[in-house]
Amino acid sequence: MAKQILVIGAGFAGMWSALSAARVLDAHGRTDVEITVVAPDAHLHVRPRLYEEGPANFRAPLGEIFDAVGVTFVQGTVERIDVARRAADVLRTNGEATTLDYDRLVLATGSRLFRPAIPGLAEHTFSVDQTDEAVELEAHIRDLALQPASTARDTVVVAGGGFTGIETAAEMPARLRAALGEHANVRVVIVERNDAIGPDLGEGPRPVIEEALRTLGVTWKLGSGVASVDAAGITTADGERIESSTVIWTAGLRASTLTEQIPGRRDVTGRLHVDRNLAVEGVPGVYATGDVAYAATDDEGNHTMMSCQHAMNLGRSAGHNVAADLLGLEHIPYSQPKYVTCLDLGPWGAVYTEGWDREVKLTGAEAKKLKHQINSEWIYPPRADRAEALAAADPLRIVVA
């Protein structure tokens, strides 16, 4: 009977895990191992682009690629993982319940936007976290033109001044004017509870970010978070009222709740601690990758971010190592010492940095060209060509983007 590798999730980490595992089987001529991917949709949703206009277009089909390399796709949602009996209970999209046994498991179910219990947040905010949410926001912006001009209609509040918040805010003035007309009194405000824009990005790129936002007409309020949200705007923790019909929540991510079904150690965001081969500590046969893995990137004390940049390479490593583990082959420890940041700053351009201290290397149009290449080319899946797809899944092929 064939051995089973089960990959849960078809995002960047899940897709590359499946392709990389298939690469190992192909290289050793093994036909006695099957790879199955379970996910709600046979598409890679290009989540890093959802702050852009046209989010419904940012997905890439995976069915033909999986067929080309011999990976089975099961459309459904994993509801329960039983590590003792090495099985996962799946609810298929047609309503059928089934159980999939595994010999090795790769958890690659990603992350979700963290929505704290702030009054009105669930009912009155938008996001760019998932494709359907970004599509809903786009439709809302378009429909603003049906409303009479007002401070609330013409104002967008972006809650959270981190990476996603900055990219979203930088796009908003142009998107609002496209919907409301060039003469609309457009206002975009970032609300950040910390005392600086991009608190996690450090001081290196901050002057560039602030210059770009000022040029675009984006303002910000620092040192006070959102205390409540209603249909007409927000109230901040220090009591300021900002009228807005469009509040976009971007503040923070949490790992998939499926991590709670794995009896391993987790960090504050819910990510599972893994060793250098991405095996979950203390849980035989289970690997974690992408946004559900807390993994060392180097020997200097740095750890992975919840980012596409790390998810792709984590996936390649997890896929290789889970197959190598099953076949008794040599592991290739995950290592990604080079770290870069490329932050989109809307029509102004972008900023590109290198290193964990984020030393600025490119700005403006030059950085924007690189950002466009990353978003529209580098992070997309390979063609549905077996040789090409397997070659691209090499864990030693580090993509820094």
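No experiment lies behind these values; they were computed from the predicted model shown.
Residue K3 qualifies as open at atom NZ: its count of foreign heavy atoms under 6.0 Å is 12 or below. Around the CD atom of E123, the shell of radius 6.0 Å holds more than 12 heavy atoms that belong to other residues, nucleotides or ligands. By the 6.0 Å contact criterion, NE2 on H303 is enclosed, its count of non-hydrogen atoms from other residues, nucleotides or ligands being greater than 12. Within 6.0 Å of CD on E366 lie no more than 12 heavy atoms contributed by other residues, nucleotides or ligands. Within 6.0 Å of CZ in R206 there are more than 12 heavy atoms belonging to other residues, nucleotides or ligands. Counting heavy atoms of neighbouring residues, nucleotides and ligands inside a 6.0 Å radius, atom CD of E64 does not exceed 12 of them.
L107 contributes atom CG, which lies 6.0 Å from atom OG of S256 (distance to the nearest 0.5 angstrom). Residue S307 holds its OG atom at 7.5 Å from CG of D291, rounded to the nearest 0.5 Å. Distance check, rounded to the nearest 0.5 Å: CD1 of I242 to OG1 of T219 gives 7.5 Å. To the nearest 0.5 Å, the span separating CZ on R47 from CZ on F58 amounts to 15.5 Å. Rounded to the nearest 0.5 Å, atoms CD (Q261) and CD1 (I8) are 8.5 Å apart. How far CG of D32 is from CG of L327: 7.0 Å, rounded to the nearest 0.5 Å.
The one candidate from H320, H310, R316 that meets the side-chain contact (heavy atoms from CB on, under 4.5 Å) condition with Y334 is H310.
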Original post:
Can M305 and T297 be said to form a side chain to side chain contact (heavy atoms under 4.5 Å, CB included), step by step?
Top reply: CA-CA 9 Å; M305 306 285 284; T297 62; over 6 Å; no

Subject >> Full working for side chain to side chain contact (heavy atoms under 4.5 Å, CB included) between W348 and E211 >> reply: CA-CA 9 Å; W348 185 89; E211 176 191 351; 4.0 Å; yes

**OP:** Assess whether side chain to side chain contact (heavy atoms under 4.5 Å, CB included) is satisfied between Y102 and V286, documenting all intermediate values.
**Re:** CA-CA 10 Å; Y102 65 83; V286 177; 4.0 Å; yes

Subject >> Residues D394, R23; criterion salt bridge (charged side-chain N to carboxylate O under 4.0 Å, His left out); working and verdict >> reply: CA-CA 8 Å; D394 186 347; R23 177 179 177 275; 3.5 Å; yes

Subject >> Test log, rule side chain to side chain donor-acceptor pair (under 3.5 Å), inputs Y339 and D298 >> reply: CA-CA 10 Å; Y339 177 69; D298 52 34; over 6 Å; no

Original post:
Can W249 and L113 be said to form a side chain to side chain contact (heavy atoms under 4.5 Å, CB included), step by step?
Top reply: CA-CA 9 Å; W249 184 260; L113 182 65; 3.6 Å; yes

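With R266 contributing its side chain and T259 its backbone, the two residues share a donor-acceptor pair below 3.5 Å. Without hydrogens or angle criteria, S17 side chain to A318 main chain gives no donor-acceptor distance under 3.5 Å. In this structure a side-chain-to-backbone donor-acceptor pair under 3.5 Å is present from K368 to G346. A donor-acceptor pair under 3.5 Å is absent between the side-chain atoms of T151 and the main chain of E243, judged by distance alone. Using a distance-only test at 3.5 Å, with no hydrogens or angles considered, no donor-acceptor pair links the side chain of T235 to the main chain of S228. Looking only at distances, no side-chain donor or acceptor of T36 sits under 3.5 Å from a matching main-chain atom of T72. Remark: side-chain polar atoms of E133 are not paired, donor with acceptor, to backbone N or O of S127 under 3.5 angstrom. In this structure, T289 contributes its side chain and L314 its backbone to a donor-acceptor pair below 3.5 Å. At distances below 3.5 Å, not a single donor-acceptor pair connects side-chain atoms of R187 with backbone N or O atoms of N185.
By the 4.5 Å heavy-atom criterion applied to side chains, L370 and W378 are counted as neighbours. At a threshold of 4.5 Å between non-hydrogen side-chain atoms, the residues E300 and W356 do not count as touching. Looking at heavy atoms from C-beta onward, L180 lies in side-chain contact with R153 at the 4.5 angstrom threshold. Looking at E171 and V158, their side chains never come closer than 4.5 Å, going by heavy atoms from C-beta outward. Contact of the S317 side chain with the I332 side chain is not registered, since no non-hydrogen atoms from C-beta on lie closer than 4.5 Å. You'll find the side chain of S245 reaches within 4.5 Å of the side chain of L144, heavy atoms only. Proximity of T246 to L137: side-chain heavy atoms (C-beta onward) are separated by under 4.5 Å at one or more points. You'll find the side chain of L253 stays beyond 4.5 Å of the side chain of T269, heavy atoms only.
Between R49 and D344, none of the side-chain N atoms (NZ, or NE/NH1/NH2) sits under 4.0 Å from a carboxylate O, so this pair counts as no salt bridge. We find that R115 and D129 are not joined by a salt bridge, their nearest charged nitrogen and carboxylate oxygen being 4.0 Å or further apart.
Smallest separation of non-hydrogen atoms from R175 and E52: NH1-O, 3.5 Å. The shortest heavy-atom contact between I374 and C342 is CD1-CB, 4.0 Å. Minimum heavy-atom separation, I379 to C308: CG2-SG, 3.5 Å. Residues P382 and L19 approach most closely at CG-CD1, 4.3 Å, considering heavy atoms. Here the closest heavy-atom approach between residue P119 and residue A227 is recorded as CD-O, 3.4 Å. Between P48 and N375, the shortest heavy-atom distance links the atoms O-ND2, 4.1 Å.
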Donor-acceptor pairs under 3.5 Å, side chain of residues 83-100 to any protein atom, not counting sequence neighbours: which ones?
| residue | atom | partner | partner atom | Å |
| --- | --- | --- | --- | --- |
| R85 | NE | D82 | OD2 | 2.9 |
| R85 | NH2 | D89 | OD1 | 3.4 |
| R86 | NH1 | D103 | O | 2.7 |
| D89 | OD1 | T99 | OG1 | 2.9 |
| N94 | OD1 | E96 | N | 2.9 |

Hey, can you pull the donor-acceptor pairs under 3.5 Å for the side chains in residues 188-200, sequence neighbours left out?
| residue | atom | partner | partner atom | Å |
| --- | --- | --- | --- | --- |
| E192 | OE1 | G161 | N | 2.7 |
| E192 | OE2 | N194 | N | 2.9 |
| E192 | OE2 | N194 | ND2 | 2.7 |

